[in-house]
Trainee: 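Pasting in a structure now, in structure tokens, and then I'll have a few things to ask.
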Amino acid sequence: MIRLTDVTKDYPSNHGVRHILKGINLTIYPGERIGILGKNGAGKSTLIRLISGAEPPTSGSIERNMSVSWPLAFSGGFQGGLTGADNVRFICRIYGVDYHPRFKFVEEFSELGSYLHEPVSTYSSGMRARLAFAISMTVDFDCYLIDEVLAVGDQRFRDRCRVELFERRKDKAMLIVSHSHRYLKGNCDRFLLFKDGTIEEHSDFEEVYFQYKQQIGEGFQSKEEMVREMN
Amino acid sequence: MPNNEQTADPGVRVDGRSWTIQRRVLGALLLRELLTRYGRNNIGFLWLFVEPMLFTLVITAFWTATRQIHGSNIPIVAFAVTGYSSLLLWRNLPSRCIGALKANIALLFHRQVSILDVYIARIFLEMVGATTSLVVLSMVFTLMGWMPAPEDVLEVIFGWTLLAWFGTGLAMTVGGLSEKFDVFGRLWPPFSYIMFPLSGVAFIADALPPNFREIVLWLPQLNALEIMREGWFGSLMRAHYDLGYLCICNLLLTFSGLSLIRQIGLDAREE
């Protein structure tokens with residue numbers, strides 16, 4: 001279980017302090033799939049980073065009783081001068097897990113072949129994405145934090161990611177930030193909508209998506225119209 | 001992990017800051033730094049010692065050739081090796097810490113990696129390089145008879161350790177300040193250049209006129225170098241230093257450095 005109590009987060013900016021999160025209360029139970037919706041800059045990624053523990057909250061508390069992944073994203077975190085294998089090794093070292101079986105998995109999943117022993121700076125963006133996803137799957141967690149990741153690569157790669165994440169790990173908790181309705185609707189059972197620094201909890205996807213679309217100014221006349229559009 | 005036979009595994013917990021996790025992270029960061037800095041080409045990580053050694057050798061050769069006056073009976077090679085090695089120790093540590101955070105910012109996504117870890121890894125690596133360079137060069141020169149062996153090894157180690165501590169405190173302070181104020185990162189190189197000729201690289205304090213000596217002894221690194229040189233050639237020179245002053249400076253720098261690094265963490269802007 002992960003429990004957030006009255007969590008707030010402020011950031012300094014050139015125009016004074018910005019209050020990004022204003023009192024978030026949230027409990028995540030094992031195996032739950034939570035979809036997160038909100039405008040750009042609403043605080044989705046901030047919430048993910050706070051839950052991961054990469055940053056402390058300004059006030060409030062975050063209690064983690066299960067293992068939580070780092071915020072998984074498809075691009076970041078690579079030092080161009082290091083090889084793909086070096087990056088795998090680094091992750092294995094800091095999480096204290098055995099390297100060889102993980103490397104074999106990354107090799108198979110990323111299909112990067114001998115590129116794994118070349119500097120990441122020589123990779124295309126698709127290759128980086130494949131490496132990043134494969135590395136994300138090398139360490140076992142009870143809760144995965146996924147920040148807008150599955151919209152890259154070709155169809156085949158996306159399918160393989162889906163299998164790895166949602167079929168092989170169907171008993172794991174996940175927090176998923178995404179703008180894709182197909183993605184959220186199919187994979188999540190709880191939804192959070194960001195509204196002015198706080199979150200609103202929904203269980204009905206059509207309702208939350210309707211409100212979200214209105215928030216970003218792409219509103220539909222009615223929910224029925226939206227559902228028609230989505231299909 | 002790849003297969004699902006391990007579902008019973010509760011997953012990897014990395015909460016808290018246990019010694020095991022700390023050690024793991026520092027070890028991983030050290031290897032990562034070595035690889036990003038030196039790569040795998042030619043002699044790879046050996047550059048860590050070879051680079052400072054080459055610097056010291058060039059300076060030593062230059063001073064020997066020009067018979068530069070340093071105002072004592074200490075053999076010129078011994079003088080250059082101790083002086084230049086100490087410069088590398090206190091000057092390169094801060095230089096390596098400028099921009100250290102930017103280069104490693106993505107790693108902070110992993111909650112067990114702290115900003116302090118990033119600095120410690122860089123400082124430690126630089127220290128190992130400078131120390132190895134000093135040990136190897138002085139051993140070789142001693143065997144060749146160009147340099148006397150230390151008279152009091154413990155005092156040499158004591159002085160070197162104090163200098164390394166000074167460098168660490170300074171590195172954290174300079175690194176932290178450069179993160180808070182960009183301009184500081186640009187000011188450090190000229191600032192260190194001003195201190196360079198005053199820090200005893202090319203003189204011993206005893207050779208200076210007393211008034212001037214009083215002034216330059218405000219530089220903590222000169223005090224540490226004097227201790228180290230006293231240990232090495234105590235019978236050939238009269239050392240001038242204030243151990244209490246040096247320790248107070250080191251403590252202040254350490255605290256300011258730790259505090260600045262903590263502040264950077266708290267000030268972190270949205271990304």
Side-chain angles (χ1 to χ4, degrees), chain A residues 9 11-13 18 20 41 43 45-46 49 52-56 58 64-73 76-83 86-87 89-98 101-102 104-106 108-109 119 134 137-143 164 167-172, chain B residues 1-41 44 102-115 117-118 121 180 262-271:
Chain A
K9 184 72 185 176
Y11 284 113
S13 77
R18 296 227 317 264
I20 301 293
S45 300
T46 304
R49 282 203 302 273
S52 81
E55 273 179 53
T58 304
R64 286 182 212 91
N65 289 324
M66 53 185 178
S67 63
V68 185
S69 78
W70 69 91
L72 309 184
F78 294 129
Q79 180 96 43
L82 293 179
T83 66
D86 290 333
N87 281 293
R89 216 173 272 129
F90 179 78
I91 294 292
C92 290
R93 282 198 188 108
I94 63 172
Y95 285 90
V97 296
D98 202 13
R102 267 91 185 166
K104 260 182 79 181
F105 167 77
V106 171
E108 282 162 21
F109 192 87
M137 295 295 111
T138 54
V139 185
D140 257 322
F141 296 106
D142 301 326
C143 178
E164 197 57 44
E167 289 174 23
R168 292 238 168 110
R169 288 176 178 72
K170 55 179 175 293
D171 53 338
K172 307 288 188 182
Chain B
M1 242 291 288
N3 56 59
N4 249 357
E5 287 139 43
Q6 295 199 352
T7 34
D9 188 335
V12 179
R13 293 289 293 266
V14 284
D15 294 325
R17 307 265 317 149
S18 74
W19 171 233
T20 325
I21 293 175
Q22 181 77 54
R23 216 180 38 205
R24 220 151 72 186
V25 168
L26 280 177
L29 282 172
L30 283 174
L31 291 168
R32 188 186 166 93
E33 280 291 325
L34 270 179
L35 276 176
T36 43
R37 253 182 98 177
Y38 304 105
R40 291 198 172 77
N41 303 325
K102 212 159 277 153
N104 288 297
I105 197 107
L107 303 183
L108 301 178
F109 268 160
H110 305 281
R111 86 183 69 88
Q112 66 272 48
V113 181
S114 72
I115 299 178
D117 294 333
V118 168
K180 275 177 98 82
R262 181 153 160 68
Q263 286 172 43
I264 313 169
L266 295 175
D267 294 351
R269 289 187 172 224
E270 200 181 359
E271 279 160 48

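Quick note: numbers below take in every heavy atom, side chains included, and nothing from hydrogens, waters or symmetry partners. Chain letters run A, B, ... following the sequence lines, proteins first and then strands; every chain starts at 1.
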Trainee: Looking only at heavy atoms, which two atoms of B:Arg111 and A:Val68 are closest? And how far apart?
Mentor: NH2-O, 2.7 Å
Trainee: Less than 4.5 Å to any heavy atom of chain B: does that hold for the side chain of A:Ser69, its backbone, both, or neither?
Mentor: backbone
Trainee: If I compare all heavy atoms of B:His110 with all of A:Tyr95, which pair ends up nearest, and what's the gap?
Mentor: ND1-OH, 2.8 Å
Trainee: Taking all non-hydrogen atoms of both residues into account, name the closest pair between B:Ala28 and A:Ile94 and its distance.
Mentor: CB-CG2, 3.6 Å
Trainee: How far apart are the closest heavy atoms of B:Leu35 and A:Leu82, and which atoms are they?
Mentor: CB-CD2, 3.6 Å
Trainee: Which atom pair, heavy atoms only, marks the closest approach of A:Trp70 to B:Phe109?
Mentor: CB-O, 3.6 Å
Trainee: For the backbone of B:Leu31 and the side chain of A:Arg93, can you confirm whether one donor and one acceptor N or O come within less than 3.5 Å of each other?
Mentor: no
